[in-house]
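Letters go in sequence order (proteins before strands), and every chain restarts at 1.
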Amino acid sequence: MSTVLIYSFAGIALVCIGLLGLLASSHVLRKILAVNVMGSGVFMMLIALAARAQPPDPVPHAMVLTGIVVAVSASALALALLRRMRREEGSALLPEDRRE
Amino acid sequence: MPTSLPAFDALLALLLVWLAGRLLVTRDLFKAVVLFMVFGLMLALAWVRLAAPDVALAEAAIGAGLTGALLLDTVFRLRGEAEPPPPRPSAGLIACAMLAAALGAMLVWSMLALPDDWFGLTREVAAAMPDSGVTNPVTAALLNFRGYDTLLEIAVLLLAVLGVWTLNAEPPPAVPAAGPVLEALLRILLPLLVVAAGYLLWAGAHAPGGAFQGAALLAAGGVLLHLARPFSFGTGWPVRLALTAGFAVFLIVALLLVLVGGGFLAYPPKHAGTWILAIEAAAMLSIALILVALFVGSARHTDRGRADAGAHDPPA
Amino acid sequence: MTLSDWASVALLAAGAFFFVAGTIGLLRLPDVFTRLHALTKADNLGLGLILLGLALQAESWGELARLGLIWALAVFASASACHLVARRALESGAQPWSKRDAD
């Protein structure tokens with residue numbers, strides 16, 4: 001199996017795992033982790049496909065670089081929202097998950 | 001094609017997938033965050049294997065380091081709430097699993113359907129490189145060919161800081177005084193980080209590196225400094241000026257180029273390198289400050305926290 | 001493969017062995033202090049051996065200098081991190097494991 005193929009499949013697996021984690025977790029921090037994992041999966045697919053060319057295609061690399069920085073800022077915002085929700089409403093779960 | 005090491009790649013890919021699954025399943029949030037940081041570092045290794053050193057640098061510093069620090073910070077501030085029980089296999093959970101599996105199947109099918117002799121934009125980029133002002137194709141793509149994306153990316157960062165500061169999540173917990181070891185570590189690391197960041201900025205034109213990687217290093221130094229001696233930004237105008245300077249310089253250069261160059265963000269080929277360096281320098285400082293601001297928040301730390309913890313301080 | 005290549009392989013293998021040993025210590029030892037001890041000591045030694053193995057393959061003095069700098073920084077950072085973790089564990093009340101706990 002070529003390098004590209006291995007990492008492409010890994011990227012797809014990460015996207016699926018991240019999606020499942022996002023939908024199945026009730027704690028918002030876990031959802032944030034799941035979204036980050038999905039993002040990493042997408043990055044891996046992009047870069048694996050970029051590596052099919054020789055030398056590697058630089059445009060997906062630039063896009064992933066942008067993506068990493070945007071992901072950290074989105075995560076920071078999401079975490080701030082989580083802390084604020086926890087302070088205001090006393091729970092780190094979304095309202096629809098709080099019944100227990 | 002990167003040198004073929006299928007056994008290593010397969011092992012690394014399996015490790016990554018296993019780590020991702022583990023971190024989403026483990027009950028303890030702290031453990032999940034630590035696993036996520038390990039995942040980020042292994043991901044950086046995967047980027048190296050896929051011949052993407054610029055991305056590897058950024059991933060190690062930002063993806064594993066800064067995101068990990070943010071997550072740990074939140075985990076500790078959230079302590080005290082009972083974890084909800086893990087989801088029982090219910091109809092809803094099985095439906096989600098099937099959805100994820102269907103998505104996976106579609107992605108695999110579409111990936112296998114890609115034509116074999118496809119080179120992406122490598123050739124077009126290589127043809128345009130001599131006029132781009134730099135020799136590192138990723139930097140050229142970031143700052144020149146797709147400069148508009150980068151401009152908007154910095155705007156997104158600014159929006160994130162605005163959001164985090166507006167939310168004003170909560171007052172900071174009391175911080176124990178930094179010990180002598182952390183101070184010594186800082187005294188050695190901070191100047192090195194500044195030098196390394198400057199080097200990465202300069203080297204980004206011809207080697208892996210660039211403004212984002214340099215900014216990540218500076219931000220790491222800033223976060224370390226904050227952990228040892230908590231500081232606050234406040235929201236005074238010097239801070240706002242420094243935060244927006246990157247975006248402002250980028251936008252001003254872009255508009256100037258409408259008059260002087262070939263159009264919005266169209267550099268004149270002879271001086272493109274200088275323009276790019278100027279933009280990258282301002283952007284690096286701004287982005288570093290933004291990343292630290294995301295971590296520090298805007299709440300005012302006073303010395304109250306340190307005075308209370310003075311009892312812990314060993315006699316100097 | 002030349003002699004220096006074989007030496008590099010041996011040093012790298014030894015370094016990897018120490019890393020594995022440190023990880024086993026992390027997984028098997030009873031409390032945070034013993035784990036820190038095993039991890040930091042073994043990892044520093046492993047790092048030193050690996051960098052020595054890589055230094056044999058270096059192609060310029062600049063590369064050697066960079067490897068030396070990496071070693072110095074990594075040792076410094078790992079030792080400081082170990083100290084900080086241990087200090088924090090002590091402050092939050094972790095008790096060092098003693099033989100009596102095993103009974």
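In this structure a side-chain-to-backbone donor-acceptor pair under 3.5 Å is present from B/Ser286 to B/Leu243. Side-chain atoms of A/Arg30 come within 3.5 Å of backbone atoms of B/Thr26 as a donor-acceptor pair (strictly under, hydrogens ignored). Side-chain atoms of B/Thr150 come within 3.5 Å of backbone atoms of B/Leu142 as a donor-acceptor pair (strictly under, hydrogens ignored). For B/Thr139 (side chain) and B/Gly204 (main-chain N/O), a donor-acceptor pair under 3.5 Å exists by modelled atom type. In this structure a side-chain-to-backbone donor-acceptor pair under 3.5 Å is present from B/Ser132 to B/Val134.
Only the side chain of B/Leu43 comes within less than 4.5 Å of a heavy atom of chain A; its backbone N, CA, C and O stay farther away. Residue B/Asp73 touches chain A through its side chain alone, counting heavy-atom pairs closer than 4.5 Å. In this structure, the portions of A/Met44 lying under 4.5 Å from any heavy atom of chain B include both its backbone and its side chain. For chain B, no part of A/Leu22 is nearby; none of its heavy atoms comes within less than 4.5 Å. Looking at B/Phe145, there are no atoms closer than 4.5 Å to chain A (heavy atoms on both sides), in backbone or side chain. The part of B/Gln213 that comes within reach of chain A is its side chain, from C-beta onward, which places non-hydrogen atoms under 4.5 angstrom from that chain.
To the nearest 0.5 Å, atoms CG (A/Leu14) and CG (A/Asn36) are separated by 12.0 Å. Rounded to the nearest 0.5 Å, atoms CG (B/Leu167) and CZ (A/Arg83) are 9.0 Å apart.
The greatest number of non-hydrogen atom pairs below 4.5 Å with chain A, out of B/Phe36, B/Phe39, B/Trp47, B/Phe212, is found for B/Trp47. In terms of heavy-atom pairs under 4.5 Å with chain A, the best-connected choice from B/Leu157, B/Ile287, B/Leu143, B/Leu291 is B/Leu157. No other option in B/Ala52, B/Ala20, B/Gly40 has as many heavy-atom pairs under 4.5 Å with chain A as B/Ala52. When A/Gly21, A/Ser40, A/Gly39 are compared by the number of non-hydrogen pairs under 4.5 Å with chain B, A/Ser40 comes out ahead. When B/Gly21, B/Gly163, B/Gly63, B/Ala46 are compared by the number of non-hydrogen pairs under 4.5 Å with chain A, B/Ala46 comes out ahead. Top candidate by heavy-atom pairs under 4.5 Å with chain A, chosen from B/Thr74, B/Leu70, B/Thr67, is B/Thr74. Between chain A and the residues B/Leu103, B/Leu114, B/Asp149, the largest count of heavy-atom pairs under 4.5 Å involves B/Leu114. When each of A/Val37, A/Val59, A/Val64, A/Ile47 is scored by its heavy-atom pairs under 4.5 Å with chain B, the top score falls to A/Ile47.
Residues that satisfy the side-chain contact (heavy atoms from CB on, under 4.5 Å) test with B/Leu24, not counting sequence neighbours, are A/Ile17, A/Leu33, A/Ala34. Listed by chain and number, the residues in a side-chain contact (heavy atoms from CB on, under 4.5 Å) with B/Leu112 are A/Phe9, B/Val108 (sequence neighbours excluded).
Between B/Asp28 and B/Lys31, none of the side-chain N atoms (NZ, or NE/NH1/NH2) sits under 4.0 Å from a carboxylate O, so this pair counts as no salt bridge.
The two residues A/Cys16 and B/Gly104 come nearest to each other via the heavy atoms SG-CA, 3.2 Å.
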Just list the side-chain donor-acceptor pairs under 3.5 Å for residues 66-74 of chain A, sequence neighbours left out, or say none.
| from | atom 1 | to | atom 2 | distance (Å) |
| --- | --- | --- | --- | --- |
| A/Thr66 | OG1 | A/Ala62 | O | 3.0 |
| A/Thr66 | OG1 | B/Glu153 | OE1 | 3.4 |
| A/Ser73 | OG | A/Val69 | O | 3.3 |
| A/Ser73 | OG | A/Val70 | O | 2.8 |

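The only option from A/Val4, A/Thr3, A/Leu5 that meets the side chain to side chain contact (heavy atoms under 4.5 Å, CB included) definition with A/Arg52 turns out to be A/Val4.
Residues of residues 9-16 of chain B placed with any heavy atom under 4.5 Å of a heavy atom in chain A are listed by number as B/Asp9, B/Ala10, B/Leu12, B/Ala13, B/Leu16.
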